[in-house]
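What follows is a single structure, written as structure tokens, with notes after it.
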Amino acid sequence: MVNSRDDLAGSMLPSDGSAPVEWAIAEGLIGYQAALAAMEARVAAIHEGGAREQVWLIEHPPLYTSGTSTGAGGLRDDRFPVFEAGRGGQMTYHGPGQRVAYVMLDLNRRRRDLRLFVAALEDWIIGTLAAFNVRGERREDRVGVWVKRPDKGVGHEDKIAAIGIRVKRWVTLHGISLNVEPDISHFDGIVPCGIADPRYGITSLVDLGLPVTMEEVDSVLRAEFEQRFGATAAA
């Protein structure tokens, strides 16, 4: 019996003969509504057999998104636009310096197991962080990937990556966001993912003293993705 996501295998490899996942990297900042429309269209095409699975790496202008579990008080101020995301989870921030990966995979070609899929996404992030000598960890009572920060006090942990997904006819939408070098103060306008406990904050690779580029992160993300989800091909 599986008791935690740590017990789940981190692989969601496709069935034999599946085409490589298209790996696309957007240039510039992509507006949220435009991204949602493009993602919805791509997911419909994947379901109908007219397009390959895709991972779409983008950056957004500063904005907040609200998930299906967002409660009252999630928004502290309205310094940035707020969008209904339609994904699971609560309030989060997206902006420059944060790598958002929209993951559009057909679980009919893999496994119809959402818990396993989320565990594989977490494992993908954890593997990526490990390549930069950062120990990322999952928490059963908190979504996302966390980094222990004893320098900030006993029991303090910072969130470095968020996960929020949706599934339509077993094709996935939305995905992950990894903080590379965003303006962390922008998270102050919300209760990130509904977690108000002062022991839990937000961090990034650069905040941890790792001045890596987005291109370096993208390269590692791709290699770690292929280990868990299979081959990719450039868009």
Side-chain angles (χ1 to χ4, degrees), residues 2-12 64-71 73-74 76 85 87-95 97-103 114-165 174-212 214 216-218 220-221 224-225 227-228:
V2 174
N3 295 314
S4 72
R5 296 192 307 278
D6 281 326
D7 298 320
L8 296 171
S11 173
M12 286 286 283
Y64 298 129
T65 69
S66 177
T68 56
S69 300
T70 298
R76 287 173 167 153
R87 52 156 175 79
Q90 301 195 43
M91 295 287 296
T92 195
Y93 165 79
H94 294 312
Q98 182 189 71
R99 175 51 86 207
V100 175
Y102 288 129
V103 181
L114 297 184
R115 201 156 179 260
L116 176 60
F117 176 62
V118 170
L121 292 177
E122 291 171 332
D123 199 53
W124 175 28
I125 298 167
I126 290 168
T128 299
L129 294 173
F132 295 104
N133 296 313
V134 174
R135 182 180 175 84
E137 299 178 354
R138 55 171 62 89
R139 295 289 180 261
E140 287 299 312
D141 61 338
R142 284 176 268 133
V143 178
V145 175
W146 297 79
V147 177
K148 291 180 179 178
R149 299 298 302 272
D151 55 307
K152 292 186 174 183
V154 176
H156 193 99
E157 298 183 345
D158 283 345
K159 190 173 188 176
I160 195 168
I163 296 172
I165 66 166
H174 300 278
I176 69 169
S177 59
L178 173 62
N179 296 332
V180 180
E181 192 179 6
D183 185 335
I184 292 176
S185 71
H186 289 177
F187 286 87
D188 294 342
I190 59 172
V191 179
C193 300
I195 300 171
D197 191 319
R199 294 175 299 169
Y200 307 135
I202 301 293
T203 192
S204 69
L205 288 170
V206 170
D207 181 55
L208 292 173
L210 297 165
V212 299
M214 195 67 78
E216 289 173 317
V217 172
D218 289 347
V220 175
L221 278 170
E224 295 293 326
F225 176 90
Q227 290 186 34
R228 295 157 181 84

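We number each residue from 1, following the sequence as shown.
- In this structure the side chain of L178 reaches within 4.5 angstrom of the side chain of L129, judged on heavy atoms.
- A donor-acceptor contact shorter than 3.5 Å is absent between the side chain of H186 and the backbone of H94.
- In this structure, the side chains of Y102 and H174 come closer than 4.5 Å at one or more pairs of heavy atoms.
- Here OG of S204 is found 4.0 Å from CD1 of I184. Values are rounded to the nearest 0.5 Å.
- You'll find the side chain of I190 reaches within 4.5 Å of the side chain of Y93, heavy atoms only.
- Salt-bridge annotation for R199 and D158: absent, with no side-chain N of the basic residue lying under 4.0 Å from a carboxylate O of the acidic one.
- The minimum heavy-atom distance between T65 and A85, with the atom names listed, is CB-CB, 4.1 Å.
- Checking R139, R115, R138, R142 one by one against E122, the salt bridge (charged side-chain N to carboxylate O under 4.0 Å, His left out) holds for a single residue, R138.
- A salt bridge links D123 to R228: one of the charged nitrogens lies within less than 4.0 Å of a carboxylate oxygen.
- When all heavy atoms of G209 and P211 are compared, the closest pair comes out as O-CD, 3.4 Å.
- Open room surrounds NZ on K148; 12 or fewer heavy atoms of other groups in view lie less than 6.0 Å from it.
- Side-chain contact annotation: R99 with S177, donor-acceptor N/O pair under 3.5 Å absent.
- The closest side-chain heavy-atom distance from Q98 to V180 is not below 4.5 Å.
- The shortest distance between side-chain heavy atoms of L116 and M12 falls below 4.5 Å.
- Nearest heavy-atom pair across V220 and A131 is CG1-CB, 3.6 Å.
- A distance of 10.0 Å separates CD1 of I160 from CD1 of I202, quoted to the nearest 0.5 Å.
- By the 4.5 Å heavy-atom criterion applied to side chains, I165 and V103 are not counted as neighbours.
- Under a 3.5 Å cut-off, the side chain of N179 and the backbone N or O of T203 do form a donor-acceptor pair.
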Is there a side-chain contact (heavy atoms from CB on, under 4.5 Å) between T128 and F225 once you walk through the steps?
CA-CA 9 Å; T128 299; F225 176 90; over 6 Å; no

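- Environment of CD in E157: crowded, with over 12 heavy atoms of neighbouring residues, nucleotides or ligands closer than 6.0 Å.
- In this structure, the side chains of V191 and R76 come closer than 4.5 Å at one or more pairs of heavy atoms.
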Take V147 and H156, measure what side-chain contact (heavy atoms from CB on, under 4.5 Å) needs, and give me the verdict at the end.
CA-CA 9 Å; V147 177; H156 193 99; over 6 Å; no

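- For W124 (side chain) and L221 (main-chain N/O), a donor-acceptor pair under 3.5 Å exists by modelled atom type.
- Under the 4.0 Å criterion applied to side-chain N and carboxylate O atoms, E137 and R135 are assigned as salt-bridge partners.
- Atoms CD1 and OG1, from I163 and T92 in turn, are 11.5 Å apart once rounded to the nearest 0.5 Å.
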